[in-house]
Protein chains: 2
Amino acid sequence: MKPKNNKLITLDEFKEKNYGKRGTKKRDELEAGYENFKIGVLLQEARLQKGLTQEELAEKVGTTKSYISKIENDIKEVRISTLQKIVELGLGGHLDLSIKL
Amino acid sequence: MKPKNNKLITLDEFKEKNYGKRGTKKRDELEAGYENFKIGVLLQEARLQKGLTQEELAEKVGTTKSYISKIENDIKEVRISTLQKIVELGLGGHLDLSIKL
DNA sequence: TCAAAAGTTTCACTTTAGTGAAACTTTTGT
DNA sequence: ACAAAAGTTTCACTAAAGTGAAACTTTTGA
């Protein structure tokens, strides 16, 4: 079957959903930590571009669909090696990482 | 004082030091996992460019010099948020991350 | 409308990054 | 040569990522 037509929520929608409205303490505290969300969206975009379901991707990487789901949606941290594994083994792509001073 | 004039070892030197000569089982098994090394080198280059000691960097980030040393040299994994913290708080730079399909 | 496929959530467990103090080694500058 | 600063290593602990099974919810396609 095809992947579900998941609408990618925006960063603002995500923040409000998870951290509350702007100006609240919780929201402000966590404002800086949205990088994980961006990674999740990035991964989801890439997966859909490839026309893969979470389960298909999971199998290629050697994990389960529940873990893929968590990465795409949750606030959880991802290790660089994990991200790399998903991108390379699962999506046949390449993860780029650089420091700009 | 100034940072030590650490010579950055090459990827090949690193691999041989940590995993043994090419062709051995251990070396082959871990061949793919050198991304951490590259990150360490990247960070060290950036730190030296800024003329900071490990201790100075550590203080800015809110950690200790022993941890900085580990990241620059060890095989250990680094979380993306940790890397980001070091780059932004410590080096005043920006961490770029992208997926190429 | 409704079964099957896709995606999410919960729970419980294992592994490992993150952490600091302290002892140690290496480099620097005089 | 040698003291002080820079960097490394070890040890031990804590918090959080990694993991899978299974129950659950949502979407798809006929």
Side-chain angles (χ1 to χ4, degrees), chain A residues 1-9 13-14 17-18 30 33 35-37 39-41 43-90, chain B residues 1-9 13-14 17-18 30 32-33 35-37 39-41 43-90 95:
Chain A
M1 224 186 195
K2 280 177 186 169
K4 276 196 192 178
N5 186 13
N6 270 20
K7 32 189 170 310
L8 303 166
I9 70 174
E13 288 167 347
F14 170 82
K17 182 185 165 203
N18 287 286
L30 296 167
E35 203 67 18
N36 303 311
F37 165 73
I39 288 162
V41 168
L43 271 178
Q44 186 170 338
E45 277 176 352
R47 175 176 64 82
L48 293 175
Q49 224 164 53
K50 287 273 172 180
L52 294 170
T53 66
Q54 291 183 341
E55 196 159 21
E56 288 167 336
L57 177 58
E59 198 179 7
K60 288 188 181 209
V61 177
T63 181
T64 56
K65 60 182 187 168
S66 61
Y67 184 50
I68 300 293
S69 174
K70 274 172 211 159
I71 292 179
E72 289 187 4
N73 296 296
D74 277 9
I75 318 159
K76 280 215 176 174
E77 270 293 332
V78 188
R79 272 182 223 152
I80 290 162
S81 69
T82 304
L83 196 55
Q84 205 184 350
K85 210 166 59 175
I86 294 171
V87 170
E88 291 181 1
L89 270 63
Chain B
M1 224 189 194
K2 279 178 186 168
K4 276 197 195 176
N5 186 14
N6 270 20
K7 32 191 171 307
L8 303 165
I9 68 173
E13 286 167 349
F14 170 80
K17 182 185 162 202
N18 288 286
L30 297 167
E35 204 65 19
N36 303 311
F37 165 74
I39 288 162
V41 169
L43 271 178
Q44 187 170 338
E45 277 176 353
R47 175 175 65 81
L48 293 176
Q49 223 164 53
K50 287 271 171 182
L52 294 170
T53 65
Q54 290 182 343
E55 196 159 22
E56 288 166 338
L57 177 58
E59 199 180 6
K60 288 188 180 209
V61 178
T63 181
T64 56
K65 61 180 185 168
S66 60
Y67 184 50
I68 300 293
S69 174
K70 274 172 211 159
I71 292 179
E72 289 187 2
N73 296 296
D74 277 7
I75 317 158
K76 278 214 176 173
E77 271 293 332
V78 188
R79 272 182 222 151
I80 291 162
S81 68
T82 304
L83 196 55
Q84 206 184 349
K85 210 167 60 177
I86 294 171
V87 170
E88 292 181 0
L89 269 64
L95 181 68

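Sequence lines set the chain letters: A, B, ... in the order given, protein chains first and strands last, and positions in each chain run from 1. Just the heavy atoms: all of them, side chains too, but no hydrogens, waters or symmetry mates, feed the values below.
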Under 4.0 Å, counting only non-hydrogen atoms across every strand here, what does B:T53 touch: a base, just sugar-phosphate, or nothing?
sugar-phosphate

Which residue lies toward the 5' end of DNA chain C, B:S66 or B:R79, if each is placed at its nearest nucleotide?
B:R79

Quick check on DNA chain C: between A:K65 and B:K2, whose nearest nucleotide comes earlier from the 5' end?
A:K65

Counting distance alone, no hydrogens or angles: does the base of [N] have a donor or acceptor under 3.5 Å from a partner atom on the side chain of [X]?
X	N	result
B:K4	C:dT28	no
B:K85	C:dG18	no
B:K70	C:dG20	yes

Let me confirm one number: the [atom1]-[atom2] distance from [X] to [Y], rounded to the nearest 0.5 Å.
X	Y	atom1	atom2	result
A:I86	A:L43	CD1	CG	5.5 Å
A:Q84	A:L89	CD	CG	9.5 Å
B:R47	B:T53	CZ	OG1	7.0 Å
A:L83	B:I80	CG	CD1	5.0 Å

Rounded to whole angstrom units, what separation is found between the [atom1] atom of [X] and the [atom2] atom of [N]?
X	N	atom1	atom2	result
A:E59	D:dT19	CD	P	16 Å
B:I68	D:dG7	CD1	C1'	12 Å
B:I86	C:dT19	CD1	C1'	12 Å
B:L52	D:dA6	CG	P	11 Å
B:E72	D:dT8	CD	P	7 Å
B:Y67	D:dA6	OH	P	22 Å
A:Q84	D:dG18	CD	P	13 Å
A:Q54	C:dG7	CD	C1'	5 Å

Salt bridge between A:K50 and A:E56, side-chain N to carboxylate O under 4.0 Å?
no

Would you say a side-chain N or O of A:S69 is under 4.0 Å from OP1 or OP2 of C:dG7?
no

Whether A:R47 contacts C:dA6 is assessed here as follows: a side-chain N or O lying under 4.0 Å from the phosphate OP1 or OP2. Is that the case?
no

